[in-house]
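We name chains A, B, ... by the order of the sequence lines, and we start the count at 1 in each one. Side chains are part of it too, since the values below use all heavy atoms of this structure and drop only hydrogens, waters and symmetry mates.
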Number of protein chains: 2
Amino acid sequence: MAETLTATALTLKDIAREAGVSLATVDRVLHNRPGVRPDTVRRVKAAIERNAFQPHVAAAELARGRARRFAFVMPSGPNPFMQQIEAYLGEMSAWLTVRRLNVELVATDVFDPSVLAGTLETLSGDYDGVAVVALDHPGVRAAINDLVDAGTKVVTLVSDVPSSRRHHYVGIDNIAAGRTAGALVGRLAGQKSGKVAIVAGSQGLRDHAERIFGFNQVMASEFPGLSVLPVLEGRDEDDRSEQVLARLLGKHADIVGLYNVGAGTQGVAKALNDKALNDKALSDAGRNEVVFVGHDVTVLTRRLLLQGVMDAAISQNPGHEARAAVRVLLALARGEPILREQEKIRIDIVMRDNLP
Amino acid sequence: MAETLTATALTLKDIAREAGVSLATVDRVLHNRPGVRPDTVRRVKAAIERNAFQPHVAAAELARGRARRFAFVMPSGPNPFMQQIEAYLGEMSAWLTVRRLNVELVATDVFDPSVLAGTLETLSGDYDGVAVVALDHPGVRAAINDLVDAGTKVVTLVSDVPSSRRHHYVGIDNIAAGRTAGALVGRLAGQKSGKVAIVAGSQGLRDHAERIFGFNQVMASEFPGLSVLPVLEGRDEDDRSEQVLARLLGKHADIVGLYNVGAGTQGVAKALNDKALNDKALSDAGRNEVVFVGHDVTVLTRRLLLQGVMDAAISQNPGHEARAAVRVLLALARGEPILREQEKIRIDIVMRDNLP
DNA sequence: GGTGTTTTGAGGTACGCAACTCATTTTGAG
DNA sequence: CTCAAAATGAGTTGCGTACCTCAAAACACC
């Protein structure tokens, strides 16, 4: 009736006895210290394997004494999503303190490859781990690889550099996110046919490009009644996003769906509202006629969802990302296995009634 | 440019000096041992507060020596969702071992209040923490309170007993889940008007009742064109669910939406498919005409989503629930604060393109 | 066999706390 | 003021590991 899930824990002493060597030798093997014959190394490692030995985390942590230093390299501009990640890191403060972890925020211009690469280089050697919101660029890739070679654990955050040798990526699959947005716009638009607009920050950003790709994929294959208009670029700015969208809405009367890929949500909503007022075309339910899907749950998008202006937000949980990045860095630094399932960031569909 | 998020860690010795007492007295206060004057207790506690002192987790863990025992009281029947939770607990095995945690699974008939209460009573005293999938019933409530009084930490899992003194609930807000389901059925049904069917396990189950409540709330207030038919009870069994639904589908030709509140999904899908075949009414996109929203991502619902038979699944992440329950029990046992944001279980909307 | 080098063993110390003992001081009741 | 009880200080041990030193043993090479 009762089933136990845990093995009895061995200690280093047990491993030493098993392998027929002294504690000192096991210690040398465990920490890759020199002065052990290859044959002995093999014997010790065999004993460790055989017993699935894992060092007692608490004891190891206590013994090593010095704190670990992690750096979070984040965009310097005022990006609400990034600010949320930083806020959640702040909330972890007590958690970090009792584990003797030092987390430092490093603000930099992540959109300028050379600046970002330069920042990463200054970090080398000083940190046990680095989490970075990275731009995918050869210079950045090289800087990441240098960090890895120096022994620093590196995770990319939100935006990946798959071609680098970073140890882990904490973020969503942006193609799937775009597909999800497409499916939502298509399904929520109902039987209607018409045009669909896309507002992005820039098609040069990897994550935006991937989202657009996924979105178009779904629209093309599943919603033949809807035609996607050329992508508008709003540079993630409110004013510019509003302008370009307003112009487009003026030109096409039959726009039934809108996908806002990045930020600039305020501007997008404004353009949409102005149009609705002009048309005097708010439906009875108080909902805008144009299906509006965007990204991330912020103060603003939360309000838009509650008002019915926005129909759904594709979200990646910033708290989860912050904690996952720290946990992954810690596990990497300790040599512990990573709970992939736990650290995976999901694509959340957030509508009015399941607002977190 | 670089901002540090962590405080420098104090030790018990520092607190002792601050409070002007010896280590022994601090220890007595910290562990509620007798023999300390109230005034001294206050001084020590003040010093602890003032410095936001938290014992070094690793050192405390190492010193206490004995392992902690947690019990998970789970339904004995073959419930896919519960099996997933158990599977994820199994995956944590290494994580648990390293932290000297013993987790035991206790299978019992959670639907029989007296049996469940009896099982909980046998656990008293032997465990540091208990997670239980609880039925809300006076006998169960009393058993939970007894456990709490005995010093055991108790969390309710998936299904809550809010009137008990359990320390924490790990699960979703089922009313909000029902509302979300309602919004999805309504929106995905588009402009259509017609009837909506509900299949539940039993209206006597608290979680099912709450979901239905939320669902009806949204339907009534936002989708006046849709009328909800009386709830069918399928007892979470495939055969029975199929029968009752098939009968209903035969009687009403204008059913445009279906909400499956609990399990029995296989049967529900079968009834729906048979109807579609009869009507020869599959749409061009291969999608069933009836909007079908259910709960939980299992092997079955995953297939149904991919096939387009099912339109959305409301899901609570079983892996997250398993890990959150363990983490909460551990934090409670250690007297650490709980990261509420982290342990909160979200209502996930899962459609084909964001299947986890 | 002798030399120098490499490998191994033995042991210690420190980490911060829990849990305990025992001696000493303080306190309050009579 | 006395004496027992209560409160407090001082100290020890152990948890499992990291990291270090020093000496002994094993080995390679000529």
Side-chain angles (χ1 to χ4, degrees), chain A residues 7-45 47-48 51-68 94 97-101 128 330 333-336, chain B residues 7-45 47-48 51-68 97-101 128 333-336:
Chain A
T8 43
L10 298 179
T11 72
L12 276 184
K13 219 186 297 183
D14 301 316
I15 298 300
R17 192 164 4 88
E18 275 256 342
V21 298
S22 74
L23 258 175
T25 301
V26 177
D27 181 71
R28 289 183 183 108
V29 173
L30 218 55
H31 299 92
N32 306 310
R33 283 190 253 275
V36 185
R37 229 174 316 167
D39 180 57
T40 313
V41 173
R42 233 170 292 129
R43 258 168 48 225
V44 173
K45 287 200 168 163
I48 291 176
N51 299 287
F53 170 80
Q54 294 247 121
H56 187 177
V57 177
E61 208 57 37
L62 182 57
R64 84 188 295 278
R66 64 185 209 291
R68 294 181 205 275
T97 302
V98 297
R99 286 167 181 76
R100 301 292 190 272
L101 299 176
D128 300 289
L330 182 56
R334 284 177 174 170
E336 280 185 304
Chain B
T8 43
L10 299 179
T11 71
L12 276 183
K13 219 187 295 184
D14 300 315
I15 299 300
R17 192 166 2 90
E18 276 256 341
V21 299
S22 73
L23 262 175
T25 301
V26 176
D27 181 70
R28 290 185 182 107
V29 172
L30 217 56
H31 299 92
N32 304 310
R33 286 189 249 276
V36 184
R37 231 175 318 168
D39 180 57
T40 314
V41 173
R42 231 171 293 130
R43 258 170 47 227
V44 173
K45 286 200 168 163
I48 290 177
N51 299 288
F53 170 79
Q54 292 248 121
H56 187 176
V57 177
E61 206 58 38
L62 184 57
R64 79 188 297 280
R66 67 191 178 79
R68 294 182 207 273
T97 303
V98 173
R99 286 163 181 77
R100 303 292 192 269
L101 298 176
D128 299 289
R334 285 176 172 169
E336 279 186 303

Check the distance between D:dC19's P and A:E61's CD and give it to me in whole angstrom. 11 Å
Shorter than 3.5 Å, N or O on both sides, protein versus nucleotides 13-16 of chain D: list them out with atom names.
| from | atom 1 | to | atom 2 | distance (Å) |
| --- | --- | --- | --- | --- |
| D:dC15 | O2 | B:L62 | O | 3.3 |
| D:dC15 | O2 | B:A63 | N | 3.4 |
| D:dG16 | N2 | A:A59 | O | 3.4 |

Please determine, for C:dG30, whether a Watson-Crick or G-U wobble partner exists with both distances under 3.5 Å, and give it or none. D:dC1
Closest non-hydrogen contact found for A:T40 with A:V36 is CB-CG1, 3.7 Å
Which pair of non-hydrogen atoms, one from B:A19 and one from B:V44, has the smallest distance, and what is that distance? CB-CA, 4.0 Å
Bounded by its outermost nucleotides with an atom under 4.0 Å from a heavy atom of chain A, the footprint on DNA chain C reads C:dT7 to C:dG16
A:L30 side chain near A:I48 side chain, heavy-atom distance below 4.5 Å: yes
Looking only at non-hydrogen atoms, find the nearest pair between B:I15 and B:A47 and report the distance. CD1-O, 4.0 Å
In short, B:G20 meets B:R43 closest at the heavy-atom pair O-NH2, 3.7 Å
I'd like a list of close polar pairs between nucleotides 5-12 of chain D and the protein, N/O only, cut-off under 3.5 Å.
| from | atom 1 | to | atom 2 | distance (Å) |
| --- | --- | --- | --- | --- |
| D:dA7 | O3' | B:R37 | NE | 3.2 |
| D:dA7 | O3' | B:R37 | NH2 | 3.1 |
| D:dT8 | OP1 | B:R37 | NE | 3.4 |
| D:dT8 | OP1 | B:R37 | NH2 | 3.0 |
| D:dT8 | OP1 | B:T40 | OG1 | 2.3 |
| D:dT8 | OP2 | B:R37 | N | 2.8 |
| D:dT8 | OP2 | B:T40 | OG1 | 3.4 |
| D:dG9 | OP2 | B:S22 | N | 2.7 |
| D:dG9 | OP2 | B:S22 | OG | 3.1 |
| D:dG9 | OP2 | B:T25 | OG1 | 2.8 |
| D:dG9 | O6 | B:R28 | NH2 | 2.8 |

Compare all side-chain heavy atoms of A:Q54 with those of B:T97 and state whether any distance is below 4.5 angstrom. no
For B:R66, which contact category applies under a 4.0 Å heavy-atom criterion: base, sugar-phosphate, or nothing? nothing
Nearest 0.5 Å, please: how far is CZ in B:R17 from CG in B:L12? 12.0 Å
Closest approach of A:F53 and A:L10, non-hydrogen atoms and distance? CE1-O, 3.5 Å
Quick check: closest heavy atoms across A:L23 and A:A16, and the distance to 0.1 Å? N-CB, 4.0 Å
Run the salt bridge (charged side-chain N to carboxylate O under 4.0 Å, His left out) check on A:E61 and A:R68 step by step: do they pass? CA-CA 10 Å; A:E61 208 57 37; A:R68 294 181 205 275; 3.5 Å; yes
